[in-house]
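The next block holds one structure in the form of structure tokens; read it before the comments.
Computed from a predicted model, the values in this text were never measured in an experiment. Numbers here simply count residues along the sequence, with the first being 1.
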Amino acid sequence: MYFSKKAAKSKEESSQRLSTTCCVSITQLSAEHLKSLDVEGGTALVLAFVSPHISFEDVSKKLKMAMPFAQHIITIMTAERICRRCR
């Protein structure tokens with residue numbers, strides 16, 4: 001068997017942003033507010049935590065429309081508010 005050492009990543013590759021986080025209210029669910037989630041190389045997964053006080057179905061639809069760049073969107077109903085800034 002032969003095991004070769006993987007080539008080291010270049011500085012340009014390693015400086016790419018791999019993930020990002022944002023907190024938005026339901027009124028901010030638009031392509032304009034969510035474009036910061038479109039990371040280089042493609043957005044493979046978006047996790048959205050939805051307050052039980054908001055229409056889960058509406059949020060899911062708005063997210064899909066606002067983020068055509070996301071390969072997968074998982075929306076999760078929370079027990080309470082997660083982000084105090086989103087009041």
| field | Any donor-acceptor pair under 3.5 Å from S51 side chain to H53 backbone | value | yes

| query | Quick one: side-chain contact (heavy atoms from CB on, under 4.5 Å) partners of Q71, sequence neighbours excluded? | reply | A44

| said: To the closest 0.5 Å, what do you measure between CE (M67) and OG1 (T43)? | reply: 8.5 Å

| request: Return each pair, listed once, that meets salt bridge (Lys or Arg N to Asp or Glu O under 4.0 Å) where at least one residue sits in residues 45-60; pairs must be two or more places apart or across chains. | output: E57-K61

| With sequence neighbours excluded, what pairs up with T75 under the side-chain contact (heavy atoms from CB on, under 4.5 Å) test? | A48, V50, F56, S60, L63, I73

| task | Evaluate the side-chain contact (heavy atoms from CB on, under 4.5 Å) criterion for residues I74 and L45: first the C-alpha distance (whole Å), next the side-chain angles of each, then the deciding distance (0.1 Å), finally the verdict. | result | CA-CA 8 Å; I74 298 175; L45 178 64; 3.7 Å; yes

| said: Let me confirm one number: the CZ-OG1 distance from F49 to T78, rounded to the nearest 0.5 Å. | reply: 8.5 Å

| remark: By salt bridge (Lys or Arg N to Asp or Glu O under 4.0 Å), K64 pairs with (sequence neighbours left out) none

| note | For T21, the side-chain hydrogen bond (donor to acceptor under 3.5 Å, both in side chains) test, sequence neighbours excluded, returns none

| field | Shortest non-hydrogen contact from A66 toward S30 | value | CB-C, 3.6 Å

| Partner set under side-chain contact (heavy atoms from CB on, under 4.5 Å) for I26, not counting sequence neighbours | L29, I54, V59, K62

| message | Rounded to the nearest 0.5 Å, what separates atom CZ in F69 from atom CG in D38? | response | 4.5 Å

| task | Just jot down the salt bridge (Lys or Arg N to Asp or Glu O under 4.0 Å) partners of E32, sequence neighbours excluded, or say none. | result | none

| message | Testing the basics here: between H33 and Q28, what is the closest heavy-atom pair and its distance to 0.1 Å? | response | CB-O, 3.1 Å

| remark: For residues 43-54, the salt bridge (Lys or Arg N to Asp or Glu O under 4.0 Å) pairs (sequence neighbours left out) are none

| Just wondering, more than 12 heavy atoms not from M65 lying within 6.0 Å of its CE? | no

